[in-house]
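Shown next, in structure tokens, is the structure this report addresses.
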Number of protein chains: 4
Amino acid sequence: MSLRAQKTAKKKEEIVKSAISIITEKGYHNTTMEDIAAKLLMTKGSVYYYFKDKHDLLYQSYKMLLESSINTVADIQRENISVEDKLSKVMTAHIEYLIAERSGFETGINPEQFFEGNKLKSILDLRSKYASEIDRLIIEGIDSNVFAPVDVKIVRNIILGAMNWVIRWYSPEGEMRGEEMASSITKYLLRILKQND
Amino acid sequence: MSLRAQKTAKKKEEIVKSAISIITEKGYHNTTMEDIAAKLLMTKGSVYYYFKDKHDLLYQSYKMLLESSINTVADIQRENISVEDKLSKVMTAHIEYLIAERSGFETGINPEQFFEGNKLKSILDLRSKYASEIDRLIIEGIDSNVFAPVDVKIVRNIILGAMNWVIRWYSPEGEMRGEEMASSITKYLLRILKQND
Amino acid sequence: MSLRAQKTAKKKEEIVKSAISIITEKGYHNTTMEDIAAKLLMTKGSVYYYFKDKHDLLYQSYKMLLESSINTVADIQRENISVEDKLSKVMTAHIEYLIAERSGFETGINPEQFFEGNKLKSILDLRSKYASEIDRLIIEGIDSNVFAPVDVKIVRNIILGAMNWVIRWYSPEGEMRGEEMASSITKYLLRILKQND
Amino acid sequence: MSLRAQKTAKKKEEIVKSAISIITEKGYHNTTMEDIAAKLLMTKGSVYYYFKDKHDLLYQSYKMLLESSINTVADIQRENISVEDKLSKVMTAHIEYLIAERSGFETGINPEQFFEGNKLKSILDLRSKYASEIDRLIIEGIDSNVFAPVDVKIVRNIILGAMNWVIRWYSPEGEMRGEEMASSITKYLLRILKQND
DNA sequence: TATGAATGAGGCTTCATTCAT
DNA sequence: CATGAATGAAGCCTCATTCAT
């Protein structure tokens with residue numbers, strides 16, 4: 001990648017990160033392009049230089065979030081630890097990421113409402129990919145008798161729902177630090193899966 | 001309540017129910033007053049007769065949903081059954097209600113984003129009330145040694161997140177009926193609380 | 001048509017007529033919706049109540065112009081006069097209409113540039129219809145030996161070009177009245193067709 | 001002219017020619033500076049090196065077209081042929097030029113709409129000059145009894161309108177070649193002027 | 001000369017809301 | 001009570017133009 005292309009990529013990422021946090025805070029429709037630009041000390045026009053339109057910015061932001069999540073899981077999958085530890089790490093990472101990036105996209109933006117056609121498909125595909133990574137861990141755990149047999153789809157969605165909900169109630173000003181809370185949630189969720197012997 | 005007042009109340013409820021389902025489907029900002037009116041074969045003007053403005057309609061809809069939930073819990077609280085059964089019933093009812101009414105308000109509408117001042121306070125109070133009903137059941141269960149000791153706030157939020165998430169992934173066209181799924185989710189969530197003796 | 005529908009139709013026509021004259025004067029792109037509304041002492045919003053968007057207003061204006069031309073020709077076709085008189089009347093009417101309505105659509109708006117898809121097709125169809133009415137008169141004249149044999153398509157386009165050009169150079173402030181000029185142009189154009197015996 | 005000046009002049013002409021054809025095709029307002037630059041594999045910035053602004057590019061393009069037309073007429077005026085042949089040649093050249101350069105400026109761009117002040121005056125002067133060259137030929141023809149007496153202004157405008165209209169309907173894919181059509185139109189237009197003895 | 005990133009004015013469009021009938 | 005025409009504030013987006021490198 002040329003220097004220029006790098007610079008452009010960096011700028012795009014900067015905008016995306018900023019957009020994610022404002023949109024999480026105020027909601028997509030209550031966030032104006034002006035808001036997004038202003039937060040970065042840019043003008044609207046500049047944002048449009050990097051993104052076709054507001055919707056495109058949302059799409060690319062969403063995609064980046066999902067891809068980042070998938071990468072995290074893939075990294076963890078490669079580690080040489082037990083299934084339980086892997087799932088544990090995946091969950092903790094997920095929650096900590098939400099908190100750190102202040103991203104409420106998973107709860108605040110319903111892909112079916114915001115996207116259509118190829119864009120929707122692409123988002124749903126990424127979601128599925130992430131979901132199946134979790135499923136894989138669950139199944140592996142069941143197969144190796146570490147986890148009890150469960151309805152994988154339902155349990156996975158319980159896990160996702162519980163994790164994504166965090167952004168709605170966790171406050172950094174509270175008594176618990178993010179990591180503590182992440183590991184606490186993880187611990188409780190694992191109880192659903194653990195053999196009861 | 002006079003006949004007229006009754007009629008008005010009925011009409012209001014009709015509008016609210018319709019609004020909830022459209023807003024759940026398309027999102028608040030993608031739903032126009034025209035849409036809401038049209039679905040009921042009314043005109044915009046009529047809706048304004050019953051509700052001060054769009055925001056008021058949202059507020060009253062949200063309130064109605066929460067109050068209905070709270071009533072349900074209260075009813076269950078009064079029943080003469082075990083704590084575990086009570087919590088179980090509350091969760092099942094919550095999920096089935098979401099599915100039946102096709103309401104995605106809990107996930108789709110973040111009160112902090114949509115309301116402010118007294119309205120926000122009133123919504124948050126109702127939420128708290130509902131939350132503390134659940135907390136009460138959890139605590140009661142712990143006190144009576146039916147449930148393991150847990151961080152009540154965290155577990156309660158895990159439960160809420162997992163339940164509310166349902167509207168995002170459950171499809172009535174799928175193989176599982178709503179009640180089945182509700183009881184399945186309930187069963188798994190209870191594992192978090194159950195003593196592991 | 002109900003009273004209300006009549007009123008709406010009238011208002012639409014009012015807007016269209018006004019739009020035609022402003023667009024002719026300033027050009028489509030130099031005319032703002034504000035301009036069009038202001039000229040009628042309306043607000044932008046009102047115009048949008050009657051027309052989907054600016055382009056739709058252009059389309060309906062263009063269509064109305066063409067339909068009106070076609071009706072005029074049809075009326076003349078039915079009259080009990082000679083072919084030459086018919087063609088003569090058609091040309092005179094065309095020119096006088098341009099001047100009276102101050103419409104420069106034919107020269108100022110190239111359908112291929114402004115429309116596409118079905119709208120383009122619909123405009124081109126109307127144009128064709130008008131063109132073939134003129135062709136019919138030319139052919140009739142040739143068949144009855146009143147006109148000399150000519151390449152119909154070319155002569156028709158000469159006639160159209162010469163007539164439409166009027167809006168570009170005729171000034172009502174000049175020495176010649178519109179009708180005079182219309183009949184003068186008509187007279188000259190007929191020379192192209194007249195037998196030279 | 002220095003080598004550098006020559007190079008600059010050449011580049012300017014290149015840009016102008018390219019601009020004329022894009023603007024003819026898409027219209028001035030639908031043509032962006034980006035479009036013009038891209039077609040020449042330049043960047044916007046470069047175009048601005050040669051032309052003050054978009055409007056200046058339009059102006060110079062229009063001027064170049066008119067000057068070229070005037071030069072053509074002047075050349076023909078100097079030829080040692082009959083008045084009729086001169087007018088004939090002028091018209092044929094005019095039409096062939098429009099077709100060859102795909103220039104629809106005469107019909108697509110109304111000077112009154114696009115220019116003002118000195119620029120408008122300068123364009124109108126060139127137009128007048130061109131018009132009076134045609135007038136001169138007509139008058140000469142009348143004086144020498146080759147042409148019938150006519151209202152010169154009207155006939156000249158008929159001729160101009162008929163010629164300029166060509167760009168709107170002539171398609172190079174059609175059955176007739178450009179030269180054929182040019183001479184055909186010329187032939188018909190001359191009938192307006194020819195003595196009918 | 002050439003580039004491409006940044007700017008900002010201007011125009012289109014939507015839609016909640018009002019109000020006379 | 002109901003209607004539908006009218007309003008106008010607010011936000012998206014385009015693109016000519018500038019300018020540092």
Side-chain angles (χ1 to χ4, degrees), chain A residues 2-5 7-8 11-12 28-37 40-57, chain B residues 4 7-8 11 28-38 40-58, chain C residues 2-5 7-8 11-12 28-37 40-57, chain D residues 4 7-8 11 28-38 40-58:
Chain A
S2 75
L3 189 69
R4 179 150 279 162
K7 249 186 159 173
T8 296
K11 199 104 191 188
K12 274 191 152 188
Y28 177 73
H29 291 286
N30 294 320
T31 303
T32 68
M33 289 302 269
E34 189 76 46
D35 290 337
I36 292 168
L40 294 162
L41 304 178
M42 290 178 175
T43 55
K44 262 178 306 178
S46 294
V47 178
Y48 278 96
Y49 184 78
Y50 293 98
F51 297 91
K52 204 175 92 17
D53 55 29
K54 192 185 178 187
H55 200 262
D56 183 45
L57 176 54
Chain B
R4 166 160 295 170
K7 243 185 159 177
T8 297
K11 200 107 188 186
Y28 178 73
H29 291 285
N30 293 321
T31 303
T32 67
M33 290 300 269
E34 190 75 46
D35 291 336
I36 293 168
L40 293 162
L41 304 178
M42 290 178 172
T43 55
K44 269 179 300 182
S46 296
V47 178
Y48 275 93
Y49 180 79
Y50 295 98
F51 296 92
K52 203 177 114 315
D53 54 32
K54 190 186 178 187
H55 201 260
D56 183 44
L57 175 53
L58 181 74
Chain C
S2 74
L3 189 68
R4 178 149 279 163
K7 250 186 161 173
T8 295
K11 199 102 192 190
K12 272 189 152 187
Y28 178 73
H29 291 286
N30 295 319
T31 303
T32 67
M33 290 300 271
E34 188 78 46
D35 290 338
I36 292 167
L40 293 162
L41 304 178
M42 289 179 176
T43 56
K44 265 177 303 179
S46 295
V47 179
Y48 277 95
Y49 185 79
Y50 294 97
F51 297 91
K52 204 177 93 9
D53 54 30
K54 192 184 178 187
H55 199 261
D56 182 45
L57 176 53
Chain D
R4 166 160 296 171
K7 244 184 155 177
T8 296
K11 200 107 189 186
Y28 178 73
H29 290 286
N30 294 321
T31 303
T32 66
M33 291 300 269
E34 190 75 47
D35 289 338
I36 293 167
L40 293 162
L41 304 177
M42 291 179 173
T43 54
K44 268 178 300 180
S46 295
V47 178
Y48 275 93
Y49 181 79
Y50 295 99
F51 296 91
K52 201 174 113 322
D53 54 30
K54 190 186 179 188
H55 202 259
D56 182 46
L57 175 54
L58 182 74

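Each chain gets a letter, A, B and so on, in the order the sequences are listed, and its residues count up from 1.
Residue A:Lys44 places no side-chain atom within donor-acceptor reach of the base of E:dT7, judged by atom type and a 3.5 Å distance cut-off alone.
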C:His29/D:Asn30 under side chain to side chain contact (heavy atoms under 4.5 Å, CB included): CA gap, chis, key distance, verdict: CA-CA 9 Å; C:His29 291 286; D:Asn30 294 321; 3.6 Å; yes
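Look at CG on C:Asp53: it is 15 Å from C1' on F:dC13, rounded to the nearest Å. In this structure, A:Tyr48 atom OH and E:dG11 atom P are separated by 18 Å, rounded to whole Å. Between C:His55 atom NE2 and E:dT13 atom C1' there is a gap of 15 Å when expressed in whole angstrom units. Atom pair A:Leu40:CG and E:dT7:P shows a separation of 11 Å (rounding to whole Å applied). Atom-to-atom, CD1 of B:Ile36 to P of E:dC15 comes out at 12 Å; the value is rounded to the nearest Å. In this structure, D:Leu57 atom CG and F:dC15 atom P are separated by 16 Å, rounded to whole Å. With rounding to whole Å, C:His29 atom NE2 is found 10 Å from F:dC15 atom P. Atom CZ in A:Phe51 sits about 15 Å away from atom P in F:dC12, given to the nearest Å.
You'll find that the side chain of D:Met33 is closest to F:dA16, out of E:dT18, F:dA16, E:dA6.
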Given Watson-Crick or G-U pairs with both distances under 3.5 Å, what dot-bracket string fits DNA chain F, with | for other-strand pairs and [ ] for crossing? .||||||||||||||||||||
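Across all strands, C:Thr31 comes closer than 4.0 Å only to sugar-phosphate atoms, never to a base (heavy-atom distances). Here A:Thr32 lies in heavy-atom contact (under 4.0 Å) with sugar-phosphate atoms only. Using a 4.0 Å heavy-atom criterion, one finds that C:Tyr50 contacts the sugar-phosphate atoms exclusively.
Each of C:Val47 and A:Lys54 was matched to the nucleotide of DNA chain F holding its nearest heavy atom; the match closer to the 5' end belongs to C:Val47. Both B:Leu41 and C:Met42 lie near DNA chain F, and the one whose nearest nucleotide falls closer to the 5' end is B:Leu41.
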